[in-house]
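Reading through the C-alpha cells given below for one structure.
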Protein chains: 2
Amino acid sequence: MGDACHHHHTDGPPGAAEVERALAAADGRLTAEGERMTAARLRVLALLLGAGEPVKAYDLIARFGEDGQPAKPPTVYRALEFLERKGLAHRIASISAYVACTSGGRDHAAAFLICDCCGATQEVSSPVAGDLGLVADAAGYAIERTTIEAHGRCPACRIAA
Amino acid sequence: MGDACHHHHTDGPPGAAEVERALAAADGRLTAEGERMTAARLRVLALLLGAGEPVKAYDLIARFGEDGQPAKPPTVYRALEFLERKGLAHRIASISAYVACTSGGRDHAAAFLICDCCGATQEVSSPVAGDLGLVADAAGYAIERTTIEAHGRCPACRIAA
DNA sequence: GGCGCAGTGTTATGAGATAACATCACAGAT
DNA sequence: ATCTGTGATGTTATCTCATAACACTGCGCC
Ligand SMILES: [Zn+2]
Ligand SMILES: [Zn+2]
Ligand SMILES: [Zn+2]
Ligand SMILES: [Zn+2]
C-alpha cells in the first residue's frame with residue numbers, strides 16, 4: 001500500500017524472527033488438530049505475516065516463489081481459503097485483500113480499521129460483531145459470518161494530513 | 001439470487017407503483033439539490049428498486065436496455081458510483097453486488113443482513129456503525145466509511161432448513 | 001460564439017477469482 | 001507390501017468484476 005501517501009505506520013512489518021515464531025506456532029497448532037500445514041500454505045502465511053498489512057492476492061502470487069517465480073492463481077487462492085477457514089488469515093472484502101490474523105483465535109469474527117492513506121490495518125476484536133448479532137436476532141436472522149470494515153485515517157496520517 | 005435454495009422471501013420485490021414512487025422521489029430530491037438525475041441513472045436505480053435484493057453489476061448491464069440490449073459496463077458502473085455517492089444505492093462488498101437503499105437517508109452508514117440461502121437482504125440502520133466508531137476512536141482512527149455485512153439465514157430459510 | 005464542465009459512448013484492458021481435470025502424496029485397511 | 005480412498009497440487013483455461021483512456025455531446029455561463 002502507501003498509494004495515497006508515504007507515511008510509515010508505527011507497527012510496521014514484524015521482524016523475521018517474529019514471523020518464524022508465528023509460523024511455527026501455526027504449524028504446531030494445526031498439525032495437532034490433524035490438519036496439514038503444507039509448504040504452499042506456510043509460504044502464503046509467511047508472506048502475509050511478513051507484510052504486516054493487507055496484501056492483494058496477485059501480489060502473493062507474484063511473490064510466491066522464493067526465487068522470483070510466481071505461483072499459479074489456484075495455488076495461492078487455495079492456501080488463502082484454507083488459512084481463512086482456520087482463522088489464520090482474513091479477507092478484507094472492501095479492498096479485495098488478505099491479511100494475517102493478529103488476534104490468534106481460531107475461528108472468530110473480526111473487525112478491521114483500515115487507513116486509506118498508508119494502508120495500515122488493525123484487527124480489532126469486535127464488540128461490534130456482538131452488536132450486529134443482536135440486530136440480526138431481532139430481525140430473525142441466524143448469522144454465520146460477518147464482514148466489518150472501517151476505512152479512514154490512522155493516527156499517523158491524521159497528523160500528517 | 002436463490003442459488004442455494006428456492007425459498008421466497010416475504011418482502012419480495014416491490015410493485016411497479018412503489019418503484020415509480022421511489023424513482024420520482026429520488027429524482028425530485030436530487031434535482032432539488034442541483035444534481036442531474038439522468039436516464040442511465042434512473043434506469044439503474046429502477047432496476048435495483050425492482051429487484052428488491054442485491055444485484056450483480058453485470059446483471060444490471062444485461063438488463064439495462066428496455067429492449068433487451070445490454071449496456072456497456074462503464075455506463076452502469078458510472079451510474080452505480082453516482083447512486084452510491086448520493087446514498088441511493090449501496091455496494092455489498094462481501095458478494096460484489098449492489099442494492100437500492102431502503103433507509104432513505106442521504107449519506108449514511110448502512111449495515112446489511114444477507115441470507116445466503118435465498119438472497120433476501122435487509123438494510124438495518126445500524127447502531128453497529130456507531131459502536132465501530134467508538135472502537136475506532138479508541139484506536140485513534142478517523143473513520144470515513146464503513147462496510148458492515150452479516151451473512152446467515154433469514155427467518156424463512158431458518159425454518160425451511 | 002467561445003469556454004468549461006459534467007455526462008456519455010466506445011474500445012480495450014486490467015484485476016480478481018474459479019472451473020475442470022489430471023496427478024500426486026499419504027494414512028489406514030487388507 | 002499393496003490397495004484404496006481422501007485431501008492436496010499442478011495446469012490450463014475461463015469467468016467475473018471493474019476501470020483506463022479518449023473522443024464527443026449537451027448545456028450553462030460569460
Ligand atoms: Zn483474526
Ligand atoms: Zn495511515
Ligand atoms: Zn441505505
Ligand atoms: Zn432466506
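Because the structure is predicted, anything quoted here is derived from the model rather than measured. Reminder, nothing fancy here: chain letters follow the sequence lines and each chain counts from 1.
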- Query: In terms of hydrophobic clusters joined by side-chain contacts under 4.5 Å, are A:L134 and B:F112 together?
  - Reply: no

- Item | Closest-nucleotide ordering on DNA chain C, the 5'-leading residue of A:Y98 and B:T38 | B:T38

- Message: With hydrogens left out and only the distance checked, is there a donor-acceptor pair under 3.5 Å joining A:R78's side chain and the base of D:dG7?
- Response: no

- Query: OP1, OP2 of C:dA17 versus side-chain N and O of A:Y77: anything below 4.0 Å?
  - Reply: yes

- Message: Hydrophobic clustering (ILVMFWY, side-chain heavy atoms < 4.5 Å, transitive) - are A:I92 and A:F82 grouped together?
- Response: no

- Is there a side-chain polar atom (N or O) of A:T75 under 4.0 Å from OP1 or OP2 of D:dG10? yes

- Item | Nearest-0.5 Å distance, OH of residue B:Y141 to CD of residue A:Q122 | 5.0 Å

- Item | Interatomic distance where CZ belongs to A:R36 and C1' belongs to D:dT9 [whole Å] | 10 Å

- Query: Just how far, in rounded Å, is C1' of D:dA18 from CD1 of A:I95?
  - Reply: 16 Å

- For A:L60 and C:dG16, give me the distance from atom CG to atom P, rounded to whole Å. 11 Å

- Task: Check the hydrophobic clustering (I, L, V, M, F, W, Y; side-chain heavy atoms under 4.5 Å; chains of links allowed) and say if B:M37 and B:Y77 are grouped together.
- Result: yes

- Taking only N and O in the side chain of B:R41, is any of them less than 4.0 Å away from OP1 or OP2 of C:dG7? yes

- Between A:F82 and A:P73, name the one whose nearest nucleotide on DNA chain D is closer to the 5' end. A:F82

- Item | Shortest side-chain distance from A:P74, nucleotide among C:dG7, D:dT11, D:dC17 | D:dT11

- Query: Can you tell which of C:dA6, C:dA17, D:dC17 lies closest to the side chain of A:Y58?
  - Reply: C:dA17

- Message: Side-chain N or O of A:K56 versus OP1/OP2 of C:dA15: is the shortest distance under 4.0 Å?
- Response: no

- Whole-Å gap separating P (C:dA12) and NZ (B:K72): 10 Å

- In whole angstroms, how far is the P atom of C:dA17 from the CG atom of A:D59? 12 Å

- Task: Please say which of B:L80, B:V99, B:L88 ends up in a side chain to side chain contact (heavy atoms under 4.5 Å, CB included) with B:L48.
- Result: B:L80

- Query: Side-chain N or O of A:R91 less than 4.0 angstrom from OP1 or OP2 on C:dG16?
  - Reply: no

